[in-house]
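Single-structure report; data block below.
Heads up: numbering here begins at 1 and tracks the sequence. All values reported here derive from a predicted model rather than from experimental measurement. Basis for what follows: all heavy atoms, side chains included, without hydrogens, waters or symmetry-related copies.
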Amino acid sequence: MAEIEVRGLVRASAGEALIGGVRYDRLARPRQMVGAMLESTGFHPGRRARDHLRVLADAEGIPARRVDEVLERTGLTAAARRPVRQFSLGMRQRLGLAAALLGDPRVLV
């Protein structure tokens with residue numbers, strides 16, 4: 001539950017989680033400060049792994065070259081052109097981790 005609270009997806013009943021002294025919802029470039037993997041199911045099943053990461057990178061102004069770097073780091077380079085629906089649970093978890101690492105965050109949840 002803590003990772004969901006940090007990302008601002010639910011409201012905490014007490015206290016607060018700060019990243020570098022700042023609330024997540026107030027960070028200027030959140031993906032570059034915090035990488036979080038909530039579940040391994042947040043992918044469009046027909047989208048290829050590389051395309052999923054490209055969409056995320058583009059939305060956050062992250063250089064496209066970073067996509068190949070995180071695919072390599074998570075061992076998904078060979079599967080990058082396959083649709084996510086063909087991925088095993090472990091591969092989906094690695095894709096979620098690749099997405100969390102995309103902004104080269106200081107904090108990984």
**Report entry** Pairs where residues 72-81 contributes a residue and the test side-chain hydrogen bond (donor to acceptor under 3.5 Å, both in side chains) is met, not counting sequence neighbours
**Finding:** Glu72-Thr77
Report task. Report the C-alpha distance between Val55 and Arg47 in whole Å, list the side-chain angles of each, state the deciding distance to 0.1 Å, and finish with yes or no for side-chain contact (heavy atoms from CB on, under 4.5 Å). Result -> CA-CA 10 Å; Val55 167; Arg47 185 172 285 157; 4.1 Å; yes
**Report entry** Donor-acceptor under 3.5 Å (Arg82 side chain, Gln86 main chain)
**Finding:** yes
**Report entry** Sidechain-backbone polar pair: Arg48 side chain, Ala79 backbone, donor-acceptor under 3.5 Å
**Finding:** no
**Report entry** Worked check of side-chain contact (heavy atoms from CB on, under 4.5 Å) between His52 and Leu56
**Finding:** CA-CA 7 Å; His52 172 73; Leu56 295 176; 3.6 Å; yes
To check you understand the geometry: which heavy-atom pair defines the closest contact between [X] and [Y], and what is its length?
X: Gly46; Y: Pro83; result: O-CB, 4.1 Å
X: Gly35; Y: Pro105; result: N-CB, 3.3 Å
X: Arg50; Y: Asp68; result: NH2-OD1, 2.7 Å
X: Ile62; Y: Gly103; result: CD1-CA, 3.6 Å

Requested in this report: Flag yes if Leu108 and Leu102 sit in one hydrophobic cluster, no otherwise; membership is Ile, Leu, Val, Met, Phe, Trp, Tyr, and two members link when side-chain heavy atoms are under 4.5 Å apart.
Outcome: yes
Query - hydrophobic_cluster_shared for Met33 and Val107, side chain cutoff 4.5 Å - result: yes
Report task. Tell me, with the steps shown, if Gln32 and Asp104 meet side-chain contact (heavy atoms from CB on, under 4.5 Å). Result -> CA-CA 6 Å; Gln32 294 176 359; Asp104 196 18; over 6 Å; no
Report summary line: Residues pairing under ring pair (Phe, Tyr, Trp, His ring centres under 6.0 Å) where one sits in residues 68-92, two or more places apart or in two chains, turn out to be none
Query raised in the report: When rounded to the nearest 0.5 angstrom, what is the spacing between CZ in Arg94 and CG in Leu71?
Result: 10.5 Å
Report task. Tell me, with the steps shown, if Val22 and Leu18 meet side-chain contact (heavy atoms from CB on, under 4.5 Å). Result -> CA-CA 5 Å; Val22 180; Leu18 303 176; over 6 Å; no
